[in-house]
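Structure record follows, encoded as structure tokens.
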Amino acid sequence: MRSAFPLVRTPHPVPEAERASILAAPGFGRHFTDHMASAVWTPEVGWHDHGVSALRPFSLHPSAAVLHYAQEVFEGLKAYRHDDGSVWLFRPERNARRFARSAERMALPTLPEDDFLAGIEALVRADEPWVPAATGERSLYLRPFMFAAESFLGVRPAERVVYSVIACPAEPYFPSGDNGVTLWVSTSYTRAGQGGTGDSKCGGNYGAGLAAQVEAERHGCDQVLYLDGAGEQGCVEESGAMNLFLITSDGELVTPALGTILEGVTRDTVLTLAPEYGLTPVARPVTFEELREGLADGTITEAFASGTAAVLTSVVGIKGEGYAWTVGTGKQGERTAALRERVLGIQYGRVEDSHGWLRRVV
Ligand code: COI
């Protein structure tokens, strides 16, 4: 049975004028709404204390397990305002499923998918005025997460776990917008290995990627492109916060196969839409050598990265130790632009949702 997340409204919401000024230029992940959803799990009671209440700091004992062993998972999805004022989620069931899989991998309790959806919907309803108008690709970014809150030192799964959802009005993740991004191929750092946590959305993956991100920025790049453990003799995996796609001159849309990478919701969306754009979707291992050759001989004509925060962002350059390659024309490619427009069009209700991906909340 779906749990309710009863609302206790904050007596101190952000004043309307201040909210309006935040919504005019929200950035990404800088301003948060008035409320948060939460629930608690213990082995004796299971999930309990579901609710939506004022956004507030957590009170954690310094020995709380998450602070020591990073037992934590999260998700990212968005609520979109349509022109008629209604508010919609995009394929949230897939986030619910992935959240459950990530939790299992991190030995956290599973939150029923219905409860995952109920908590998100309750928060969006409570903070509906915070959902920006669609202008400038703005949306309300939702961050569900779960962490080990038990106080103890000792390595075992925690017996007190907190689930929460917070929300922030958001602009595109990359301020460079349609100009595209340049990726840095790191040979110093890998992201994942067989049997590791590469296909889970856990905080530890992102924490472990920060040094590589710093390295990328030091080389003037926006994000890292990870290789597998075999380095330049092996395969390309994904970018820190996004899945990678290549478009070839013979009409294939190629993306690294699942296994050690994150199963992106936008990744699946793009693979599903590809045939409607004359592209054959192919998920398979992609070697670094094939990337190098394809960019050199022009058989790779476009590249882009996909993610909830990044939507579809064209990859216009790829750099590494001793090389700097331009992808295609060095600008957003035509097919990338068309797929991007379509995904955004569905999300914002501008084109028909022919796959039934939207879920109305308000
Ligand atoms: C997302 O795309 O939602 C992500 O979680 C990526 C990033 C903001 C960490």
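These numbers come from a predicted model, not from an experiment. Atoms within each ligand, like the ligands themselves, are counted from 1 in listed order.
- Considering only non-hydrogen protein atoms, atom 9 (C) of ligand 1 sits nearest to Y206 CE2, 3.7 Å.
- Under a 4.0 Å criterion applied to the non-hydrogen atoms of R143, ligand 1 contributes the atoms 5 (O).
- When hydrogens are left out, the protein atom nearest atom 3 (O) of ligand 1 is Y141 OH, 2.6 Å; that is the closest non-hydrogen contact.
- Checked by distance only, ligand 1 and K201 come closer than 3.5 Å through their nitrogen or oxygen atoms.
- When only non-hydrogen protein atoms are considered, atom 7 (C) of ligand 1 lies nearest to A241 CB, 3.9 Å.
- At under 3.5 Å, not a single nitrogen or oxygen of F28, backbone or side chain, sits near a nitrogen or oxygen of ligand 1.
- Taking atom 2 (O) of ligand 1 as the reference point, the nearest protein heavy-atom neighbour is A309 N, 2.8 Å.
- Among F145, Y163, F74, the single residue meeting the ring pair (Phe, Tyr, Trp, His ring centres under 6.0 Å) criterion with F99 is Y163.
- R292 and Y323 form no side-chain donor-acceptor contact under 3.5 Å, judged by distance and modelled atom types alone.
- Within the 6.0 Å centre-distance limit, the rings of W325 and F288 are counted as a close aromatic pair.
- In summary, the side chains of E232 and T187 do not present any donor paired with an acceptor at a separation below 3.5 Å, with no hydrogens or angles considered.
- Near F74, meaning under 4.0 Å from one of its heavy atoms, ligand 1 places the atoms 5 (O).
- An N or O contact shorter than 3.5 Å is missing between Y173 and ligand 1 by distance.
- Salt-bridge formation is detected for the pair R284/E290: a Lys NZ or Arg NE/NH1/NH2 atom is positioned less than 4.0 Å from an Asp or Glu carboxylate oxygen.
- Here the two rings, on Y80 and W88, have centers that are 6.0 Å apart or farther.
- The hydrophobic clustering, which links ILVMFWY residues whose side-chain heavy atoms are closer than 4.5 Å, places F245 and L273 together.
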